Q: 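Have a look at this one.
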Protein chains: 2
Amino acid sequence: MNKKITINDIATLANVAKSTVSRYLNGGSVSVHTRAKIDDIVAKYNYTPNTFAQSLKQQTNHTIGVIVPRLDSIAQSDMLRGLDELNKDDTFLIINVYQDSARELAAIEKLHSQNVSGLIILTANLTDDIRSILEASELPTVIQGQDEPGFNRIIMNDINAGNVVGDYLKTLAPRNVLLLNVDDRLDRAVGHDRFVGIKSALSDIPHKEIITDFNMTDAKEAAKLAMANETFDLVIGATDRIVVGAMQAAFSLKQQPRYIGFGQSFFSETVSPNLTSFEFSYFETGKALYRLFLKVRDNTPAKAQRIVIDGHLVIRDSTIL
Amino acid sequence: MNKKITINDIATLANVAKSTVSRYLNGGSVSVHTRAKIDDIVAKYNYTPNTFAQSLKQQTNHTIGVIVPRLDSIAQSDMLRGLDELNKDDTFLIINVYQDSARELAAIEKLHSQNVSGLIILTANLTDDIRSILEASELPTVIQGQDEPGFNRIIMNDINAGNVVGDYLKTLAPRNVLLLNVDDRLDRAVGHDRFVGIKSALSDIPHKEIITDFNMTDAKEAAKLAMANETFDLVIGATDRIVVGAMQAAFSLKQQPRYIGFGQSFFSETVSPNLTSFEFSYFETGKALYRLFLKVRDNTPAKAQRIVIDGHLVIRDSTIL
DNA sequence: TTGTACGCGTTATCAC
DNA sequence: GTGATAACGCGTACAA
């Protein structure tokens with residue numbers, strides 16, 4: 001490694017002009033003779049270009065800012081894995097904003113000032129501030145998770161998910177169903193879309209809906225409260241995390257309802273019984289995100305792109321025991 | 001945002017030389033009058049410096065490369081959170097190497113060529129290649145998890161962890177114990193250190209040790225095999241993940257042993273029963289890593305630093321029901 | 001206090 | 001095919 005060698009040093013060592021070296025490096029025409037000389041030197045001194053200088057000259061670097069609401073989630077890390085999978089030339093600058101919109105705003109500004117060449121925002125939950133700063137910037141931007149008109153976006157087909165789960169739950173012939181949902185103003189895709197089909201399937205089945213949040217502990221408390229007064233034989237949670245909270249509650253109350261969850265296929269197989277869950281491939285979603293980003297960056301399509309990802313129901317022990 | 005404004009533009013607008021603007025920006029002495037003028041312009045055009053040019057000039061950026069073996073783990077994301085917590089001026093370039101040492105090597109080289117100003121390697125499992133490239137480079141480097149002489153490192157006190165668990169398990173008076181361990185050549189801290197105290201506590205208690213790996217599915221199969229032939233009333237796994245695999249195995253065999261796990265406090269509360277586990281604060285470890293990194297970068301201590309992190313046993317349902 | 005001139009490493013333009 | 005030379009945006013001696 002030693003000290004970094006520059007294009008100038010190479011030029012001196014090879015007795016040529018630095019512009020010749022530059023051409024050599026960028027695939028321009030160079031005589032066989034000088035090519036050989038430079039070949040040697042580059043190999044010997046292990047030359048790597050100075051990326052700052054390149055970026056300064058080219059007015060762009062190949063860095064994409066990735067904003068993620070949390071890192072301790074399989075959904076998120078699977079999407080990141082999907083991004084990685086297809087990536088060749090870009091560097092991802094991953095920033096965890098801890099589900100805090102103030103931090104998210106700050107992160108976007110910081111990424112701006114670092115001249116990233118684009119933005120990918122996972123599980124976006126845009127505030128007005130963020131929306132306007134994104135609209136003001138000309139950075140190629142792709143968001144995931146929320147159906148924001150005017151933005152290039154990839155969303156999950158939560159409507160369909162709810163329909164599929166709705167159809168399935170009817171075959172279970174439950175007598176009393178507990179729905180653990182989240183506030184749809186916080187997350188419309190989850191809180192609203194995901195439950196349309198379910199509620200319609202429950203039209204003549206007794207059920208109760210409780211609004212909680214994405215936190216497992218809160219979900220556990222909410223479920224415990226509901227279950228203490230009433231017995232349910234089927235629990236449907238807006239996310240697997242919420243369902244796991246409910247399982248804890250049921251466990252402590254010595255109840256054994258059936259369960260259906262959504263999304264993070266991770267929990268599904270770590271809990272006992274394994275969880276029936278409607279799953280999305282976040283890995284594929286990550287790949288799709290990167291593809292869409294490239295399209296947006298390289299072709300700058302006139303109108304905002306919108307891609308919908310489908311999922312499927314995986315039936316496990318929690319509904320068949 | 002519009003187009004980026006430069007120090008030159010400001011100079012022209014304010015009718016001063018760009019060096020004056022530069023001084024203004026870097027806290028040099030500027031007359032009240034010009035200061036006011038520049039103030040206005042900066043505010044109006046929302047100037048932010050071009051980081052490439054700065055880095056090119058200063059020959060260093062404030063970017064720290066962080067190499068993480070996997071992202072879908074609470075331990076890792078907690079450490080990242082710890083790093084974030086103390087950070088003010090630095091940017092972390094997080095690279096997931098998917099527990100693949102070839103990828104890890106490539107990542108280190110890439111970070112090098114991007115002129116990062118330092119390296120933090122989480123849960124390091126250094127191969128010879130990696131060790132030598134790190135030693136050859138002069139980058140300030142801090143590693144975590146493995147007690148590599150010659151490297152600045154933060155390690156977990158696994159010896160103590162094993163002793164504490166050893167003492168505790170004696171109070172449980174088990175009749176037959178299953179140890180699910182990993183190959184100590186793969187991870188000495190876990191496979192060896194963590195089990196010293198346990199094995200000594202088991203000297204006159206019947207027990208069986210099985211070597212599996214960090215993967216939950218493999219652990220499940222290994223446990224199932226062992227449990228099919230023999231009944232255990234206590235299972236100790238090298239990690240929580242492994243223990244969860246064993247819980248699945250036991251569940252399918254309708255057995256209910258007690259369980260003790262290590263480390264990732266995440267699982268502990270998502271499984272039923274909640275898991276007794278020896279826990280380390282990875283969040284604090286992350287903070288300590290950053291502190292150590294700063295020390296190494298700014299003071300370049302002559303000898304490699306070594307910091308040991310302690311943990312504690314958290315007793316939950318899995319050993320008291 | 002302010003301005004001039006140059007260098008950081010790279011790429012691009014244009015003569016030769 | 002090659003080599004000066006000028007830029008990219010910033011910081012900083014040095015001179016005024």
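Small disclaimer: the values here were computed from a predicted structure and weren't measured. Numbers restart at 1 for each chain; the letters A, B, ... are given by sequence-line order, proteins then strands.
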Q: Does OP1 or OP2 of dG1(D) have a side-chain N or O of S31(A) closer than 4.0 Å?
A: no
Q: I need the CG-P distance between N50(B) and dC8(C), as an integer number of Å.
A: 18 Å
Q: Does T34(A) make a side-chain N or O approach to OP1 or OP2 of dT2(D) shorter than 4.0 Å?
A: yes
Q: If I take atom CG in residue N15(A) and atom P in nucleotide dA4(D), what distance separates them, rounded to the nearest angstrom?
A: 11 Å
Q: Compute whether any side-chain donor of one residue and acceptor of the other, for D187(A) and Q146(A), lie under 3.5 angstrom apart.
A: yes
Q: Among dG3(C), dG3(D), dG9(D), which nucleotide has an atom closest to any side-chain atom of S19(B)?
A: dG3(C)
Q: Determine, for D90(B) against R297(B), whether the closest basic-nitrogen to carboxylate-oxygen distance falls under 4.0 angstrom.
A: yes
Q: Could you check which of dG9(D), dG9(C), dT2(D) has an atom nearest any side-chain atom of Q59(B)?
A: dG9(C)
Q: Nearest-Å distance, CD (Q58(B)) to P (dG9(C))?
A: 14 Å
Q: dG7(C) P sits how many Å from I7(A) CD1, rounded?
A: 17 Å
Q: Tell me the interatomic distance from I38(A), atom CD1, to dG3(D), atom C1', rounded to whole angstroms.
A: 12 Å
Q: Tell me the interatomic distance from N61(A), atom CG, to dC8(D), atom C1', rounded to whole angstroms.
A: 14 Å
Q: Taking for each residue the nucleotide of DNA chain C with the nearest heavy atom, is it A53(B) or R35(B) whose nucleotide lies nearer the 5' end?
A: R35(B)
Q: Looking at S132(B) and D129(B), would you say the former's side chain and the latter's main chain have a donor-acceptor pair under 3.5 Å?
A: yes
Q: NZ of K37(B): more than 12 outside heavy atoms within 6.0 angstrom?
A: yes
Q: Using heavy-atom distances to pick each residue's nearest nucleotide on DNA chain D, tell me which of F52(B) and T20(B) is more 5'.
A: F52(B)
Q: Measure NZ/K57(B) against C1'/dG9(C) and give the value in whole Å, please.
A: 12 Å
Q: How long is the line joining CZ of R23(A) and P of dC14(C), in whole Å?
A: 15 Å
Q: If you check the L56(A) side chain, which of dT1(C), dG9(C), dC10(D) turns out closest?
A: dG9(C)
Q: Got a salt bridge between R81(A) and D84(A), using NZ or NE/NH1/NH2 to carboxylate O under 4.0 Å?
A: no
Q: For Q54(A) and dG9(C), is the shortest distance between a side-chain N/O and OP1 or OP2 below 4.0 Å?
A: no
Q: So, is N8(A) close to the dT10(C) phosphate, meaning a side-chain N or O under 4.0 Å from OP1 or OP2?
A: no
Q: Mind checking S22(A) for me? I need base, sugar-phosphate or nothing, with any heavy atom below 4.0 Å counting as a touch.
A: base
Q: So, is Y47(B) near the phosphate of dC10(D), with a side-chain N or O under 4.0 Å from OP1 or OP2?
A: yes
Q: Looking only at the side chain of K18(B) (C-beta and beyond, no hydrogens), which of the listed nucleotides dT10(C), dA5(C), dA4(D) gets closest?
A: dA5(C)
